[in-house]
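Report on one structure; see the data block that follows.
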Amino acid sequence: MSLLNPTHPANVFRFCPRCGTRSLGYDNEKRFNCSSCNFVYYLNAATAVAVIVRLPDGQIILTQRRFEPAAGKYDLPGGFVDMGERAEIAAIREVKEEINIDLRVEKLEFLASFPNTYEYKGICYYTCDIAFVAHYDGPAIFEANDDVQKVMIVQPSQIDFDIISFDSIRNILRLYIEKIG
Ligand SMILES: [Zn+2]
């Protein structure tokens with residue numbers, strides 16, 4: 001990942017978290033190393049999930065983001081996977097938190113994964129966003145909760161990609177439209 005990005009962790013972390021000196025180096029790829037105390041830390045992609053909730057008529061759910069990054073843009077329900085959590089469980093949890101519907105693990109189909117960058121409070125998280133499709137035939141009542149300010153129900157072919165939040169979400173939606181429509 002490009003170190004030209006001023007919010008890349010290598011441009012933000014100044015001190016070794018173990019010995020507190022300014023001896024923390026970065027190998028320009030993924031490894032922090034302190035030349036004073038030999039502290040080593042690998043920077044890896046953070047896992048996140050996004051869910052295409054598909055209704056019986058083929059429409060899907062988009063969620064308008066309440067907060068930065070990409071406040072006001074449209075996203076898929078989803079979020080970061082907690083440590084020790086399965087991606088499928090994170091998908092179900094985030095969908096419940098954001099739009100208050102109940103999905104089951106058996107209803108989730110893996111679609112694809114795409115990398116993304118997520119800037120939050122001056123630091124960039126490099127993520128791997130795992131996309132699932134959920135065929136949902138329960139009650140069509142979708143709340144806008146948590147970090148969602150509005151829910152939009154759309155035919156995938158009608159989506160305006162200029163209002164979509166992130167590269168990964170655009171890639172997920174494009175692939176979905178290509179494969180399923
Ligand atoms: Zn150190």
Side-chain angles (χ1 to χ4, degrees), residues 1-5 7-10 12 29-30 42-55 59-101 103-136 142 144-154 156-157 159-181:
M1 281 299 129
S2 172
L3 286 180
L4 295 175
N5 178 359
T7 60
H8 186 292
V12 177
E29 193 190 351
K30 59 179 124 180
Y42 285 92
L43 198 60
N44 298 116
T47 313
V49 291
V51 185
I52 294 177
V53 177
R54 181 190 169 95
L55 306 182
Q59 293 190 99
I60 67 167
I61 312 292
L62 298 181
T63 54
Q64 189 177 31
R65 295 179 60 83
R66 185 184 297 278
F67 303 116
E68 295 295 347
K73 297 272 190 166
Y74 283 84
D75 206 344
L76 288 168
F80 285 97
V81 178
D82 288 337
M83 287 176 282
E85 186 178 46
R86 288 179 65 188
E88 297 92 321
I89 300 299
I92 288 167
R93 174 178 57 73
E94 289 285 350
V95 165
K96 179 69 177 174
E97 284 171 13
E98 293 184 350
I99 60 174
N100 194 28
I101 62 167
L103 298 179
R104 296 204 314 272
V105 169
E106 316 85 75
K107 292 271 183 179
L108 293 176
E109 281 171 20
F110 171 76
L111 176 68
S113 69
F114 287 98
N116 197 45
T117 54
Y118 189 93
E119 302 255 351
Y120 184 69
K121 292 189 186 285
I123 191 152
C124 187
Y125 295 82
Y126 293 85
T127 71
C128 178
D129 294 356
I130 300 173
F132 295 101
V133 177
H135 295 265
Y136 177 75
F142 309 102
N145 295 329
D146 200 29
D147 48 1
V148 171
Q149 59 175 320
K150 196 173 161 194
V151 171
M152 187 198 277
I153 302 173
V154 287
S157 58
I159 291 171
D160 170 8
F161 280 83
D162 290 341
I163 65 163
I164 299 301
S165 53
F166 300 110
D167 286 346
S168 59
I169 304 300
R170 278 186 284 275
N171 284 327
I172 289 163
L173 289 169
R174 284 205 180 95
L175 184 72
Y176 176 77
I177 291 165
E178 217 178 279
K179 283 180 96 164
I180 299 165

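Bear in mind that the values here come from a model prediction, so they are computed numbers and not experimental data.
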Could you pull out every donor-acceptor pair under 3.5 Å between side chains of residues 105-116 and any protein atom, sequence neighbours left out?
from: Glu106; atom 1: OE1; to: Arg104; atom 2: NE; distance (Å): 2.9
from: Asn116; atom 1: OD1; to: Ser168; atom 2: N; distance (Å): 3.4

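- Under the 4.5 Å side-chain criterion, counting only non-hydrogen atoms from C-beta, Arg54 is in contact with Tyr176.
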- Task: Could you check Lys179 against Leu175 for side chain to side chain contact (heavy atoms under 4.5 Å, CB included), going step by step and ending with a plain yes or no?
- Result: CA-CA 6 Å; Lys179 283 180 96 164; Leu175 184 72; 4.1 Å; yes
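- Interatomic distance, Asp147 CG to Gln64 CD, rounded to the nearest 0.5 Å: 12.0 Å.
- We find that Glu85 and Arg93 are joined by a salt bridge, their nearest charged nitrogen and carboxylate oxygen being less than 4.0 Å apart.
- Geometric assessment of Arg174 against the ring of Phe161 yields a positive cation-pi assignment under the 6.0 Å and 45° thresholds.
- Taking both residues in full, the closest heavy atoms of Ala87 and Ile130 are given as CB-CD1, 4.1 Å, listed atom of the first, atom of the second, then distance.
- A donor-acceptor pair is defined here as one N or O able to donate and one able to accept, closer than 3.5 Å; such a pair exists between the side chain of Ser165 and the backbone of Tyr74.
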- Check against side-chain hydrogen bond (donor to acceptor under 3.5 Å, both in side chains), Glu98 and Thr63: CA-CA 8 Å; Glu98 293 184 350; Thr63 54; 4.5 Å; no
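- The shortest side-chain heavy-atom distance between Ile61 and Val51 does not fall under the 4.5 Å cut-off.
- The closest side-chain heavy-atom distance from Ile169 to Ile172 is below 4.5 Å.
- No side-chain heavy atom of His8 sits less than 4.5 Å from a side-chain heavy atom of Cys124.
- Smallest separation of non-hydrogen atoms from Ile164 and Arg170: O-NH1, 2.7 Å.
- Heavy atoms only, all atoms of each residue included: Pro77 and Ile99 are closest at CG-CD1, 4.1 Å.
- Of all heavy-atom pairs between Leu103 and Ala134, the closest is CD1-CB, 3.8 Å.
- You'll find the side chain of Arg86 stays beyond 4.5 Å of the side chain of Val49, heavy atoms only.
- The minimum heavy-atom distance between Thr127 and Ala45, with the atom names listed, is C-CB, 4.2 Å.
- The only option from Leu173, Ile159, Asp160 that meets the side-chain contact (heavy atoms from CB on, under 4.5 Å) definition with Val154 turns out to be Ile159.
- Put simply, the side chain of Lys150 never gets that close to the backbone of Leu62: no donor and acceptor are under 3.5 Å apart.
- Looking at every heavy atom in both residues, Val148 comes nearest to Arg66 through O-NH2, 3.1 Å.
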- Query: Under the side chain to side chain contact (heavy atoms under 4.5 Å, CB included) criterion, do Asn5 and Tyr126 qualify, and how do the steps go?
  - Reply: CA-CA 12 Å; Asn5 178 359; Tyr126 293 85; 3.1 Å; yes
- For Leu55 and Phe142, run side chain to side chain contact (heavy atoms under 4.5 Å, CB included): C-alpha distance rounded to whole Å, both residues' side-chain angles, the deciding distance at 0.1 Å, then the answer. CA-CA 12 Å; Leu55 306 182; Phe142 309 102; 3.7 Å; yes
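- The aromatic ring centres of Tyr125 and Tyr120 sit 6.0 Å or more apart.
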- Message: One pair to check against side chain to side chain contact (heavy atoms under 4.5 Å, CB included): Ile153 and Ile60. What are the steps and the verdict?
- Response: CA-CA 6 Å; Ile153 302 173; Ile60 67 167; over 6 Å; no
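- For Tyr118 and Phe80, the ring centers sit closer than 6.0 Å to each other.
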